Amino acid sequence: MKYTFNSKSIIIYSIAWSFNLLICNNSNAQTERHEVSIDSVIIKARSLLFSSPDEAFKMSVDAIELSIKQNNPLMLANSYRLQGSYYTDIKGDYDHAIKIYSKADSIYRKYDEKEYKEGVGAIFHCYGTIDQRQGKYFEAIQNYSKALNILDSLGNRTILPKTLNNISILYAFLKDYAKAEKYSRECIRICEENKDEYLESVCSVGLADALISQGKYDEAPKYLMKAREVATKRNDLYILELSYLNFGNYYYLYKQDYKQAIGDYLQALKYAESLGSEWEQIRVQTNLSEIYCLDNQFADAQRLAERALEPAKKMQLKDLEQRLIVILAKVHAYYRNYSKAYELLNLSSQLKDTVLNEGNQRHINYLE
C-alpha cells in the first residue's frame, strides 16, 4: 500500500472515530426500499451522535430491530457498528463497545461481497480507536494498518480518511508531530475530493493541533475557524469542543495568554459536559488543570485534577492519568508536601514507561 502525501503541546487529541459504510444491496425493488429505509435511520442517527446522542442511540435500537425483522444482514451489521460508536465515543464503555462491534464483525465475515469486506475494515478501525483511547498504541497501529490494507485494496475512499485521521492523532500522542501533520493533510486532501465537509472539519482540528505543536502557528487559526463554522452549522458539540480546546492551546503556547486560554478551555468543558462524554470531560479537565497550575491557581488545579483522576483510572486512560498525577505532584510541592509530591512523581514515571516505551515506538515505525 502506497500513499502520496502533501506535505510542547499541552494536549494532543482528537477523537477517534468509528463510522458506518452505508451501502444498499439492490437485489430487487422491494428489498431496496427496505434497505433504504434502514439506511436512512442509520444516517440520521449518525448525524445526531454528537448533538443528541441519546436520540441517536434510540435510533440505533430501532435500526437493529428493523434489520432483524427484514432479515437484512448488512444493515444489521451497520446498525451494530453505529451502536458501538455510541458506547465508544459517548459513554466511554469500551468493554461493551467491543461486544457490540464483535456482533457486527461476525456478520461481515459471513459474506464475500465488497460491502461486507469494507465492514471488516471498518471494524478494525473501530478496535484501533478503542486501543488508542486506552494508550495501547502498538495494538492501535496494528488495527489501523489492517483497516488501511483492506480499505485501500477495495478502493474505499469513505472510511479511509477516517483511519488516516486517527493515525495522525496517534502520532500526535507519540509527539511525532511532523507525521501527524502529514497524515492530517492527506486526510483533508481526500475529504476535499469526497466533498465531505464534516470529516474535513475533524481533520482540520487535527492539523491545527499538529501545527501548533510544531510552532507553526500562522496556519492554525484558519483551520480551527473553518472547523468551528461547520460545527456551528451542524450543532456539533464535539467539534465545537475541539475547536475551543485547540484555541486554548494556541493562546497558551503561542500568545502565552493564560486568561484567554482558560476561557477557551472552560468553553470547551461546557460543550464536553453538554455532550455527556466522560472521555471528553476528562481530557479538557486535564488541560484546564495544567494551565491553572501554570497560572499559579493551585487550588483550582488540584480540584480539577482530583475530579478527573478517578474516572481516568476507571477508563484505563493511562496517558491522561499520568499527566494528572504530575499536576497533583506540582500542587503538593507548592504546598510543601514534598514526600507526597515525590511519591506521585515516582508513580507518574512508572505510568509513563507503561504508556510509551522504546519498544512500542520501534514497532510503530516498523509497521508504518
Side-chain angles (χ1 to χ4, degrees), residues 1-7 13-24 39 42-43 46-47 49-50 74 77-78 81-82 84-85 88-89 101 104-105 108-109 111-133 137 139-173 176 178-207 209-210 223 227 230 238-239 364 367-368:
M1 180 174 57
K2 185 176 180 181
Y3 297 98
T4 302
F5 296 97
N6 303 322
S7 207
Y13 295 107
S14 187
I15 196 86
W17 294 86
S18 49
F19 288 79
N20 284 323
L21 185 65
L22 308 170
I23 298 177
C24 296
D39 189 56
I42 295 173
I43 291 172
R46 178 64 64 188
S47 71
L49 187 60
F50 295 108
L74 178 59
N78 286 345
R81 186 148 53 90
L82 164 64
S85 299
T88 299
D89 295 324
Y101 287 142
D105 194 30
Y108 288 135
R109 290 177 184 273
Y111 302 90
D112 290 328
E113 287 90 342
K114 178 183 177 182
E115 296 92 333
Y116 292 95
K117 291 179 180 178
E118 287 174 322
V120 173
I123 290 295
F124 277 124
H125 171 95
C126 297
Y127 288 150
T129 296
I130 292 174
D131 288 331
Q132 183 172 323
R133 293 272 184 92
Y137 299 138
E139 291 86 348
I141 201 68
Q142 283 183 309
N143 279 313
Y144 288 151
S145 296
K146 291 174 183 176
L148 283 174
N149 280 325
I150 292 172
L151 299 171
D152 190 55
S153 69
L154 296 170
N156 178 283
R157 306 292 282 177
T158 304
I159 304 172
L160 183 66
K162 299 161 190 172
T163 305
L164 290 170
N165 181 58
N166 276 15
I167 292 177
S168 168
I169 297 159
L170 179 59
Y171 276 112
F173 275 127
D176 191 338
K179 285 182 180 174
E181 178 186 348
K182 178 181 74 171
Y183 279 101
S184 287
R185 290 192 186 279
E186 175 66 0
C187 177
I188 289 173
R189 186 184 68 79
I190 296 174
C191 288
E192 288 173 346
E193 291 176 357
N194 293 347
K195 301 189 185 311
D196 188 338
E197 183 183 58
Y198 173 67
L199 186 54
E200 185 180 348
S201 73
V202 176
C203 297
S204 293
V205 171
L207 177 55
D209 206 17
Y223 287 107
V230 174
Y238 174 65
I239 301 302
I364 289 168
L367 282 168
E368 189 193 34

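Predicted, not measured: the structure shown is a model, and the values here were computed from it.
Between Ile150 and Glu118 there is no side-chain heavy-atom pair separated by less than 4.5 Å. By the 4.5 Å heavy-atom criterion applied to side chains, Leu74 and Tyr111 are not counted as neighbours. The shortest distance between side-chain heavy atoms of Thr163 and Ile159 falls below 4.5 Å. Counting only heavy atoms from C-beta outward, the side chains of Ile239 and Phe50 never approach each other to under 4.5 Å. Leu199 places none of its side-chain heavy atoms less than 4.5 Å from the side chain of Ile188. With a 4.5 Å cut-off on side-chain heavy atoms, Asn143 and His125 do not count as touching. By the 4.5 Å heavy-atom criterion applied to side chains, Thr158 and Lys162 are counted as neighbours.
By the 4.0 Å N-to-carboxylate-O rule, Lys117 lies too far from Glu113 to be salt-bridged with it. Between Lys182 and Glu186 there is no salt bridge, since no side-chain nitrogen of the basic residue lies less than 4.0 Å from a carboxylate oxygen of the acidic one.
To the nearest 0.5 angstrom, Ser145 atom OG is 6.0 Å from Ile167 atom CD1. Separating the OH atom in Tyr223 from the OG atom in Ser204 is a distance of 7.0 Å, to the nearest 0.5 Å. Taken to the nearest 0.5 Å, the CG atom of Asp176 stands 10.0 Å off from the CG atom of Leu170. Atoms NZ and CG, from Lys146 and Leu151 in turn, are 14.0 Å apart once rounded to the nearest 0.5 Å. Taking CD from Glu115 and OH from Tyr108, the interatomic distance works out to 10.5 Å, rounded to the nearest 0.5 Å. To the nearest 0.5 angstrom, Lys179 atom NZ is 12.5 Å from Ser168 atom OG.
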- Task: Could you go through the side-chain contact (heavy atoms from CB on, under 4.5 Å) check for Asp196 and Ile190 one step at a time?
- Result: CA-CA 9 Å; Asp196 188 338; Ile190 296 174; over 6 Å; no
- Message: Walk me through whether Arg81 and Asn78 qualify under side-chain contact (heavy atoms from CB on, under 4.5 Å).
- Response: CA-CA 5 Å; Arg81 186 148 53 90; Asn78 286 345; 3.2 Å; yes
- Message: Could you go through Ile141 and Asp131, starting from their C-alpha distance and side-chain angles, then the distance that decides it, and tell me whether this counts as side-chain contact (heavy atoms from CB on, under 4.5 Å)?
- Response: CA-CA 9 Å; Ile141 201 68; Asp131 288 331; over 6 Å; no
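Two rings, from Tyr144 and Phe124, have their centers 6.0 Å or more apart.
If you check the side chains of Ser85 and Arg46, you find a donor sitting under 3.5 Å from an acceptor. Side chain to side chain, Thr88 and Tyr101 meet the donor-acceptor criterion of an N or O pair below 3.5 Å. Residues Asn166 and Thr129 have side chains that bring a donor and an acceptor to within less than 3.5 angstrom of each other.
Sulfur-sulfur distance for Cys203 and Cys187: below 2.5 Å, consistent with a disulfide.
Formation of a donor-acceptor pair under 3.5 Å by the Asn165 side chain with backbone atoms of Pro161 is not found in this model.
Residues Tyr171 and Ala180 come closest through the heavy atom pair CB-N, 3.9 Å.
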